[in-house]
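Presented below is the structure to which this report refers.
This chain uses plain numbering: 1 for the first residue, then up along the sequence. Just so it is clear, the values below take in all heavy atoms, side chains as well, and ignore hydrogens, waters and symmetry mates.
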Amino acid sequence: MRRRQSSVVESGGLMDKWKGKNQPSRMCLIASLSALFWLGLFCFHFSVLGGGSVALDTSPQLLQASFNGDSSNPEIEIGLEREAMVDNSSKHETPDPVQPTDENLPPPTYPFMRALRTIDNKSDPCGGRYIYVHDLPPRFNSDMLKECKTLSLWTNMCKFTTNGGLGPPLDNTDGVFSNTGWYATNQFAVDVIFANRMKQYECLTKDSSLAAAIFVPFYAGFDVARYLWGHNISTRDSASLALVDWLVKRPEWSIMGGKDHFLVAGRITWDFRRLTDQESDWGNKLLFLPAAKNMSMLVVESSPWNANDYGIPYPTYFHPARDDDVIIWQERMRKLDRKNLFCFAGAPRPDNLKSIRGQIIEQCKNSKVGKLLECDLGESKCHSPSSIMQMFQSSLFCLQPQGDSYTRRSAFDSMLAGCIPVFFHPGSAYTQYTWHLPRNYSEYSVFIPEDDVRRNISIEERLGRISKERVKEMRENVINLIPQLIYADPRSKLETLKDAFDVAVDAVIDKVTKLRKDVIKGRKDDDFIEELSWKYALLDEVEATGPHEWDPYFSKPKKDGKSVSNS
């Protein structure tokens with residue numbers, strides 16, 4: 001009995017010892033097994049039932065922390081957040097992400113976006129109209145004026161560059177002009193007149209990112225004129241090449257590759273379109289330089305077949321400083337008694353077999369209602385602004401045939417006098433000055449084809465058939481055009497009227513703005529035919545590629561299968 005009791009006691013003692021010493025270890029074992037069980041269950045749930053797309057963090061640190069029951073560990077909190085996310089995703093199906101398309105991509109941004117946004121700022125009177133002017137080295141402009149005697153082989157240009165490019169004031173002893181605003185302006189002086197007018201432009205900016213267009217004050221006309229005779233092509237091209245080299249290095253150029261740049265040259269486009277590098281070929285090659293093809297060049301005569309030049313009016317003798325000067329002049333032209341049916345001021349071109357000037361001069365001489373001012377070499381009344389304007393003011397129609405090129409300054413002098421111009425070639429006005437003259441040429445002029453004159457049709461008879469009422473309407477239209485055909489005094493600015501400068505600047509801004517909007521919308525001119533440039537300026541884009549009554553006037557002769565200019 002004692003032994004059995006003893007064994008019981010011993011066994012009871014062992015039990016007590018086990019209970020007292022090994023109970024905590026047993027609890028840890030149970031907790032670890034429980035944690036491993038739930039961990040395995042979670043892994044099975046997420047990897048098998050949930051698709052296994054989310055990996056749990058099973059690093060030793062996290063496992064040890066979970067075993068120790070330490071919920072303050074930040075890694076545990078991260079793990080719990082992951083579990084909550086996965087659990088939530090298992091309850092709610094997530095659709096596949098939307099693939100990006102052209103429609104939902106954000107619109108691209110361009111450096112000129114800031115300039116475009118100014119258009120919508122109604123509180124800014126210059127919104128969408130800012131002009132930035134390059135500060136060119138003086139060799140490209142002012143230095144030429146210091147050497148004014150070299151600007152022309154035949155004329156001393158020094159007096160014509162005075163008064164902001166207007167030349168000396170005209171004496172009004174004959175009473176033909178107004179008392180103020182009249183100057184002996186040279187027909188090739190637009191370079192300096194335009195540059196000085198730009199100084200008075202009300203929306204100049206020194207921040208090029210705001211600019212609707214960028215002006216390059218290079219006196220291109222003066223530059224080419226001084227080297228047209230007796231100089232090699234290297235000399236003729238020197239300033240143009242240097243200008244382009246200077247421009248392309250400017251940050252403003254990189255914005256649009258120069259397509260927002262424009263410059264002005266007071267000469268005809270053919271002076272800047274030398275076709276070859278032969279010394280005997282005419283002019284320089286400014287307008288054929290790759291960089292210059294991106295810029296817009298404003299010239300007094302443009303090419304029908306090229307897209308990088310635009311015609312602007314020749315300067316007249318009238319440069320008003322106030323609106324009233326213009327209005328008073330217009331009213332005076334309305335009241336004049338015009339005794340001549342038509343007139344012509346010019347010289348024959350005996351060396352040009354295609355010229356119709358000889359026939360026109362003969363018809364003027366043989367007509368009792370025609371007036372002729374012959375301009376042969378040497379001194380003549382054609383060199384007197386007073387004589388020219390007096391004849392124009394006394395005539396209903398002023399004949400304007402081609403000269404050495406398509407255009408003549410005389411066309412603008414005659415319209416300034418309220419005389420209805422008569423053109424014989426569409427390149428003399430209609431395809432040239434599309435910014436300044438109405439598209440419907442019959443509103444302000446008469447067109448008589450050159451071939452009709454060659455067939456000896458009577459100009460007097462053709463003009464005499466136009467009714468007095470129609471003549472009065474056309475003359476009124478011409479007089480109303482006067483403000484936009486003249487250049488105001490560059491030392492001032494007209495108050496409300498827009499002059500030729502204003503019209504040209506507005507047109508350049510419209511052109512650049514449209515181009516920028518096309519870039520944003522991804523529109524391209526891949527179908528543009530440059531040789532039909534004269535059509536695009538007058539017609540809608542679709543119509544421009546079709547047949548036109550003036551096609552024969554601008555057909556280009558072929559050479560080796562390629563079109564070449566016939567000027």
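Ring pair Tyr430/Phe423: centre-to-centre distance below 6.0 Å. Ring centers of Tyr317 and Trp182: at least 6.0 Å apart, outside the cut-off. Checked against the 6.0 Å centroid criterion, the rings of His548 and Trp534 qualify as a close aromatic pair.
Under the 4.5 Å side-chain criterion, counting only non-hydrogen atoms from C-beta, Glu252 is in contact with His134. Considering only heavy atoms from C-beta on, Phe392 stays 4.5 Å or farther from Met415 through its side chain. For the pair Arg267 and Val299, the minimum side-chain heavy-atom distance is 4.5 Å or more. Between Trp270 and Ser303 there is a side-chain heavy-atom pair separated by less than 4.5 Å. The shortest side-chain heavy-atom distance between Val478 and Pro421 falls under the 4.5 Å cut-off. Side-chain contact between Val505 and Ile509 is present, with heavy atoms from C-beta onward closer than 4.5 Å. The shortest side-chain heavy-atom distance between Tyr444 and Pro438 falls under the 4.5 Å cut-off. You'll find the side chain of Glu531 stays beyond 4.5 Å of the side chain of Asn306, heavy atoms only.
Of the residues Thr407, Leu485, Ile312, the one that meets the side chain to side chain contact (heavy atoms under 4.5 Å, CB included) test with Tyr433 is Thr407. When each of Lys521, Arg516, Lys514 is paired with Asp518, the salt bridge (charged side-chain N to carboxylate O under 4.0 Å, His left out) condition holds for Lys514 and for no other.
In this structure a side-chain-to-backbone donor-acceptor pair under 3.5 Å is missing from Asp143 to Glu147. Side-chain atoms of Thr276 come within 3.5 Å of backbone N or O of Gln278 as a donor-acceptor pair. Side-chain N or O atoms of Glu495 include one that pairs as donor or acceptor with a backbone N or O of Asp323 at under 3.5 Å. In terms of modelled atom types and a separation under 3.5 Å, the side chain of Ser445 and the main chain of Ser442 share no donor-acceptor contact. In this structure, Arg338 contributes its side chain and Gln393 its backbone to a donor-acceptor pair below 3.5 Å. When atom types are taken as modelled, the side chain of Asp499 and the backbone of Ala488 share a donor-acceptor pair closer than 3.5 angstrom. At least one donor-acceptor pair closer than 3.5 Å links the side chain of Gln432 to the backbone N or O of Gly427. In terms of modelled atom types and a separation under 3.5 Å, the side chain of His319 and the main chain of Ile486 share no donor-acceptor contact. A donor-acceptor contact shorter than 3.5 Å is absent between the side chain of Asn163 and the backbone of Gly165. For the pair Asn308 (side chain) and Met295 (backbone), a donor-acceptor distance under 3.5 Å is absent.
A donor atom on one side chain and an acceptor atom on the other are not found under 3.5 Å apart for Glu301 and Thr269. Between the side chains of Thr118 and Arg114, no donor N or O sits under 3.5 Å from an acceptor N or O. Between the side chains of Asn232 and Thr235, at least one donor-acceptor pair of N or O atoms lies under 3.5 Å. Side-chain polar atoms of Arg357 and Asn352 form no donor-acceptor pair below 3.5 angstrom. In this model, a donor atom of one side chain and an acceptor atom of the other lie less than 3.5 Å apart for Asp207 and Ser209. Side-chain atoms of Gln402 and Ser355 include no donor-acceptor pair closer than 3.5 Å. Looking at Asp124 and Tyr130, their side chains do bring a donor and an acceptor atom within 3.5 Å of each other.
Trp435 and Tyr310 have parallel rings, their planes meeting at less than 30° on a 0 to 90° scale where 60° marks the start of perpendicular. Using cut-offs of 30° and 60° for the angle between ring planes, the Tyr441 and Phe447 rings count as perpendicular. Taking the six-membered ring where tryptophan is involved, the planes of Trp305 and Tyr406 are tilted, since the angle between them lies from 30° to 60°.
Electrostatic pairing of Arg408 and Asp413 does not count as a salt bridge here, judged by no charged N lying under 4.0 Å from a carboxylate O. Looking at Arg274 and Asp277, a side-chain N of the basic residue comes within less than 4.0 Å of a carboxylate O on the acidic one, giving a salt bridge. Under the 4.0 Å criterion applied to side-chain N and carboxylate O atoms, Arg197 and Asp502 are assigned as salt-bridge partners. Ion pairing between a basic and an acidic side chain is recognised when a charged N comes within 4.0 Å of a carboxylate O; Arg129 and Glu202 show such pairing. Salt-bridge check for Arg117 with Asp120: failed, with every basic side-chain N at 4.0 Å or more from each acidic carboxylate O. Taking the charged nitrogens against the carboxylate oxygens, Asp489 and Arg322 have no contact shorter than 4.0 Å, which rules out a salt bridge.
Residue pairs that meet the disulfide bond (SG atoms under 2.5 Å apart) test with at least one member in residues 281-319, sequence neighbours left out, do not exist here.
Rounded to the nearest 0.5 Å, atoms CD1 (Ile327) and CZ (Arg332) are 16.0 Å apart. Atom CZ of Phe194 is separated from atom NZ of Lys199 by 13.5 Å, given to the nearest 0.5 angstrom.
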Residues 214-222 side chain polar contacts: donor-acceptor under 3.5 Å, at least two apart:
none

Only pairs under 3.5 Å count here: list side-chain donor-acceptor contacts from residues 282-292, not counting sequence neighbours, and write none if there are none.
from   : atom 1 : to     : atom 2 : distance (Å)
Trp282 : NE1    : Asp271 : OD1    : 2.7
Asn284 : OD1    : Leu286 : N      : 3.1

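For a disulfide, the SG atoms of both cysteines must be under 2.5 angstrom apart; this holds for Cys148 and Cys158. The SG atoms of Cys126 and Cys203 lie less than 2.5 Å from each other.
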- Task: Apply disulfide bond (SG atoms under 2.5 Å apart) to the pair Cys398 and Cys419, showing each step before the final yes or no.
- Result: CA-CA 6 Å; Cys398 292; Cys419 187; 2.1 Å; yes
- Decide ring-ring contact (aromatic ring centres under 6.0 Å, His included) for His261 and Tyr132; before the verdict, give the C-alpha distance in whole Å, the side-chain angles of both, and the deciding distance to 0.1 Å. CA-CA 9 Å; His261 286 50; Tyr132 177 84; 8.5 Å; no
- Task: Check the pair Asp506 / Lys498 against salt bridge (charged side-chain N to carboxylate O under 4.0 Å, His left out), numbers first and verdict last.
- Result: CA-CA 10 Å; Asp506 287 348; Lys498 289 191 174 185; 2.6 Å; yes
- Please report the C-alpha distance between Asp309 and Arg273 in whole Å, then the side-chain angles of each, then the deciding distance to 0.1 Å, and finally whether the salt bridge (charged side-chain N to carboxylate O under 4.0 Å, His left out) criterion is met. CA-CA 11 Å; Asp309 57 359; Arg273 294 188 180 278; 3.2 Å; yes
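In this structure, Arg236 fails the cation-pi test against Tyr227, since its NZ or CZ atom is not both closer than 6.0 Å to the six-membered ring centre and inside 45 degrees of the ring normal.
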